[in-house]
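Everything numeric in this text was worked out from a predicted model, so none of it was measured. In what follows, every chain begins at residue 1, and chains take the letters A, B, ... in the order their sequences are listed.
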2 protein chains.
Amino acid sequence: MGLTKTEIFTLEQNQISSIAKVFGHPARVAILQHLFKIDSCICGDLVDEIGLAQPTISQHLKELKKIGLIKGNITGTSICYCIDKENWSNMKTTLTAFLDQDLEDSNTCC
Amino acid sequence: MGLTKTEIFTLEQNQISSIAKVFGHPARVAILQHLFKIDSCICGDLVDEIGLAQPTISQHLKELKKIGLIKGNITGTSICYCIDKENWSNMKTTLTAFLDQDLEDSNTCC
DNA sequence: TTATTATATTGCAATATTACGATTAAAGGA
DNA sequence: TCCTTTAATCGTAATATTGCAATATAATAA
């Protein structure tokens, strides 16, 4: 049916998968890498940088904004996008806890 | 068009998004958490544990196997699924490098 | 006011994903 | 052999995602 049954999973499982879903497209990964790379945050060059049409980039930015990883400030005609450092840090804590499960106890099966 | 333009992105960007995509469904997060939790790896109880139909779980397991995060050994009638520790570790290295971008240099914009 | 510039939104087509019933395949037990 | 158990595969319906052309919006410049 194409519809994920979120209600049968825990809040943590849904949070992890929501974050991961946003990272699940190379354009969004590229956007985030670019935002980290440039020291300034005037981001009007994303369309040229990434190589997708303007509406497509705008849509990806919307996804990133929706989950809180980036924030945008209006600066005249253009919009200044940048990483939301605090939310990025919180996101990292959630994801790292999931990724570090293997450190907790070492079962020797298989 | 529903088709990701993978060719315009770097190998790293595609690798990160491929991994993240697999984590982008709560059922697969739940499956991995369960595989880590139980000390043994006889995994026939995943259907009862997760609460999705058997073909659906089988499909999710296939995704996890395809990217190499789990491996399955045939044990009589059932199949023994478990985390591929080495691949898990490699995956973590790739993802962590992406997540830790904010540590590299602290721009004070925004 | 009328361009111009920058970004968002709308609408749509193509493809992908999710979920499950029905079926199949393979191994073990009666 | 026949039945049961376990998991994979097939087929299909419903929904989601991706991408872009066209259009809208909003701010500034001329």
Side-chain angles (χ1 to χ4, degrees), chain A residues 1-9 13-14 16-31 34-35 38 40-67 70-82, chain B residues 1-9 13-14 17-31 34-35 40-67 70-82:
Chain A
M1 304 154 180
L3 177 58
T4 299
K5 286 191 169 177
T6 49
E7 70 278 6
I8 67 170
F9 300 104
Q13 287 160 353
N14 282 312
I16 291 168
S17 60
S18 294
I19 295 165
K21 209 171 187 179
V22 171
F23 292 149
H25 194 289
R28 291 191 288 264
V29 170
I31 288 171
H34 188 68
L35 285 180
I38 56 172
S40 155
C41 61
I42 291 97
C43 314
D45 55 346
L46 274 174
V47 175
D48 300 324
E49 183 71 26
I50 311 285
L52 289 170
Q54 181 267 322
T56 310
I57 296 290
S58 189
Q59 203 170 285
H60 285 306
L61 286 170
K62 200 176 173 184
E63 295 290 311
L64 290 167
K65 202 156 61 173
K66 197 172 72 183
I67 207 157
I70 63 172
K71 51 186 175 183
N73 298 72
I74 299 165
T75 337
T77 354
S78 61
I79 291 202
C80 159
Y81 272 118
C82 56
Chain B
M1 302 155 181
L3 177 59
T4 299
K5 287 192 168 177
T6 49
E7 70 277 6
I8 67 169
F9 300 103
Q13 287 160 351
N14 282 311
S17 61
S18 294
I19 295 165
K21 207 170 189 179
V22 171
F23 292 150
H25 194 289
R28 291 191 287 264
V29 171
I31 288 171
H34 188 68
L35 285 181
S40 155
C41 61
I42 290 98
C43 314
D45 56 345
L46 274 174
V47 175
D48 301 324
E49 185 70 26
I50 311 287
L52 289 170
Q54 181 267 323
T56 310
I57 296 290
S58 190
Q59 206 170 285
H60 284 306
L61 286 170
K62 199 176 172 184
E63 294 292 311
L64 290 167
K65 203 156 60 173
K66 197 172 74 184
I67 207 156
I70 63 172
K71 51 186 174 183
N73 298 70
I74 299 164
T75 337
T77 355
S78 61
I79 292 202
C80 160
Y81 271 118
C82 55

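Comparing atom distances between the B/Ala53 side chain and each of C/dC20, C/dA19, D/dG19 picks out C/dC20 as nearest. Residue A/Ser58 has its side chain nearest to C/dT9 when only C/dT18, D/dC10, C/dT9 are considered. Counting only heavy atoms from C-beta on, A/Pro55 has its side chain closest to C/dT9 among C/dT9, D/dT9, C/dA8. Closest approach to the A/Thr4 side chain among D/dA7, D/dG19, C/dT18 is made by C/dT18 (side chain taken as heavy atoms from C-beta onward).
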Derivation of the side-chain contact (heavy atoms from CB on, under 4.5 Å) call for A/Ile16 and A/Phe9 = CA-CA 11 Å; A/Ile16 291 168; A/Phe9 300 104; over 6 Å; no
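Side-chain nitrogen and oxygen atoms of B/His60 include none within less than 4.0 Å of the OP1 or OP2 phosphate oxygen of C/dT17. Side-chain nitrogen and oxygen atoms of B/Tyr81 include none within less than 4.0 Å of the OP1 or OP2 phosphate oxygen of D/dT6. Of the side-chain N and O atoms in A/Lys21, none sit less than 4.0 angstrom from OP1 or OP2 of D/dA16. Regarding contacts with the backbone of D/dC20, a side-chain N or O of B/Lys5 is found under 4.0 angstrom from either OP1 or OP2.
Look at CG on B/Leu3: it is 15 Å from C1' on D/dA16, rounded to the nearest Å. To the nearest angstrom, C1' of D/dT6 lies 12 Å from CG of B/Asp48. Taking atom NZ on A/Lys62 and atom C1' on C/dT10, their separation rounds to 10 Å, with Å as the unit. Between the CG atom of A/Leu61 and the P atom of C/dA6 there is a distance of 15 Å, given to the nearest Å. Here the P atom of nucleotide D/dA8 and the NZ atom of B/Lys66 are 15 Å apart, to the nearest Å. In this entry the distance linking CG of A/Leu46 with P of C/dT7 reads 9 Å, nearest Å. Nucleotide C/dA8 holds its P atom 11 Å from the CD1 atom of A/Ile57, rounded to whole Å. Atom CG of B/Leu64 and atom C1' of D/dA8 are 15 Å apart (whole Å).
Results of the side chain to side chain contact (heavy atoms under 4.5 Å, CB included) test with B/Thr6 over B/Thr4, B/Leu3, B/Ile8 single out B/Thr4 as the only residue that passes.
Side-chain contact between B/Lys21 and B/Ile67: absent, with no pair of heavy atoms (C-beta onward) separated by less than 4.5 Å. Looking only at side-chain heavy atoms (C-beta outward), A/Leu46 and A/Leu61 come within less than 4.5 Å of each other. In this structure, A/Lys66 and A/Glu63 have side chains that are in contact, with non-hydrogen atoms separated by less than 4.5 Å.
Between the side chain of A/Gln59 and the base of C/dA8, no donor-acceptor pair of N or O atoms lies under 3.5 Å.
Using a 4.0 Å heavy-atom cutoff across all strands shown, A/Leu52 reaches sugar-phosphate atoms only and no base atom.
Each of A/Gln54 and A/Thr6 was assigned the nucleotide of DNA chain C with the nearest heavy atom; the assignment lying further toward the 5' end belongs to A/Gln54.
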